[in-house]
There are 2 protein chains.
Amino acid sequence: MWERGVAMYRTRLDRENEPGVKKVSRSVIRRLPVYLRVLDNLIGNDVEVISSRELSERTGFTAEQIRKDLAHFGAFGTKGTGYNTEALRSEILKIIGLHEKTAVIVVGAGHLGTALTRYNVNKNPYTHVVAAFDTSPEVVGDKILDVEVLHVSEMEEVVSKHNVRVAILAVPSEHAQAAADQVAGSGVKVIFNFAPLWVRAPDGVFVHNADLSVELQSLIYYATKEREKAH
Amino acid sequence: MWERGVAMYRTRLDRENEPGVKKVSRSVIRRLPVYLRVLDNLIGNDVEVISSRELSERTGFTAEQIRKDLAHFGAFGTKGTGYNTEALRSEILKIIGLHEKTAVIVVGAGHLGTALTRYNVNKNPYTHVVAAFDTSPEVVGDKILDVEVLHVSEMEEVVSKHNVRVAILAVPSEHAQAAADQVAGSGVKVIFNFAPLWVRAPDGVFVHNADLSVELQSLIYYATKEREKAH
DNA sequence: CAAGACATGTTACTTTATTAACAAGGTAAT
DNA sequence: ATTACCTTGTTAATAAAGTAACATGTCTTG
């Protein structure tokens, strides 16, 4: 009775230390799509198995780090052999949530928004830009490749209809926060913001600010000093 | 004699641990331009003094972190008061190397390259795009705002003439590595690469790969799960 | 001019991330 | 079947980054 009681208590503590979902760091999540791209290439070349050491050579990350990253989510490899490329690809797709094509909207159909729409449509097999939005009558109604530019008033309907969870923001900074509020209000869960302003969003909405000016300015630090390579 | 010998030995070891220049992490360097932007705004509004606490509210970083970041480079504040906005701005400019306008080239004058050229010219007071480059006769000779599109064969001359140390790469991935080799060969010290491929460069050249597809894919992870905000 | 309030910069602590080491499992060849 | 060789996944050690605490110094106010 006592031993059993103690054992049960310990178990409860262990559960508390590992509260349901183990939290995985942003750094790990960022590396997963890099593994994915390499796997896509390998599969395209009919390579069926890959070791962490070979993945290391193709990604620049260390083999230990790759194994550890994957271990966060399960044991996908075979000792002595490595990872089956198809199986690992499939697992990573499931982890990220790319197993079905993700609907994305682009807000702001200026030069940057247009370029990002084309870039994404052409370069990314896992996401799909369902529409771009703008307020200017000059661009509303246009098409960017096969993507229609709609008026922002139609955003909520489109988001709802296509179950859009990701928005790319490429509007002038003076409208960025308002645009962020609107997309968040429409039900979007992730905002990828290119405006040179750090937008805020309610809890539950994940914001990634990709301020290219700030990024460029930070890089200039390395233009004068002799330093190691990035990433 | 013995004690002195030991003491000297220890000192030598300490020096080796701290080799002349103290290394400052990428994370710190990335935050500096954010402080800079806030300072620019404050100065525009004739604010002369700012505390780390107020900077914290405007940047989202903690006050402790801001103080610690700045402390890497010196003591710029006044106890009891805070930081003089003009003076701190000036210090950060010197730290990053932005005290004189930095010459930048854009390689690849497609949609993304054009958008980045316009974005940078309009949004960034500290850098100056001196030219864009392409190989296609259709775009060579065009102008993007007031930036000329030149043939890549002229790159080395332009880089040398304007002392260009930073290149933005926006070429198709199949040409990215060749383009990186060429700009590195021209004497550029920093490569900001937007091609969906991790380019490599010789030692002494700092590469930052900004693969937007990979970034977007990693964000999708947060579209399904409930998670905290980024950055 | 003394005292209270305030903010920096430094040092110590905690947390997180990366690197290394290794035990256990699996393959292939003899 | 046994041996030699690989490679994974886990645990341990190291390094890095972020957070907190506080001693020191400055300003302001009565």
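Below, all heavy atoms of this structure are taken into account, side chains as well, without hydrogens, waters or symmetry copies. Here is how names work: the chains are called A, B, and so on, in the same order as the sequence lines, proteins then strands, and each is numbered from 1.
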Specify the separation, in whole Å, of atom [atom1] of [X] and atom [atom2] of [N].
X     : N      : atom1 : atom2 : answer
B:K79 : C:dT8  : NZ    : P     : 10 Å
B:L70 : C:dG9  : CG    : P     : 8 Å
B:R26 : C:dT18 : CZ    : C1'   : 18 Å
B:L88 : C:dA7  : CG    : P     : 16 Å
B:I66 : D:dG18 : CD1   : P     : 12 Å
A:R30 : C:dA17 : CZ    : P     : 12 Å
A:E64 : D:dT7  : CD    : C1'   : 12 Å
B:F76 : C:dT8  : CZ    : P     : 14 Å

With a 4.5 Å cut-off on side-chain heavy atoms, are [Y] and [X] touching?
X      : Y      : answer
B:F61  : B:D69  : no
A:I220 : B:V190 : no
B:F73  : B:L32  : yes

Nearest-0.5 Å distance, CD1 of residue B:I96 to OG1 of residue B:T102 | 9.5 Å
Nearest-nucleotide 5' precedence on DNA chain C, A:T81 against A:D69 = A:D69
DNA chain C: 5'-proximal contact among A:G80 and A:T62 (nearest heavy atom) = A:T62
Hey, is A:R89 close enough to A:E48 for a salt bridge, meaning N to O under 4.0 Å?
-> no
Looking at C:dA12, D:dG25, C:dG26, which one has an atom nearest to any side-chain atom of B:K68?
-> C:dA12
Could you work out which one of D:dT19, D:dG9, C:dG9 sits closest to the side chain of A:A75?
-> D:dG9
Using a cut-off of strictly less than 4.0 Å, decide whether [X] has a side-chain nitrogen or oxygen near OP1 or OP2 of [N].
X     : N      : value
A:R31 : C:dT18 : yes
A:Y83 : D:dG9  : yes
A:R53 : D:dT7  : yes
B:S25 : D:dA17 : yes

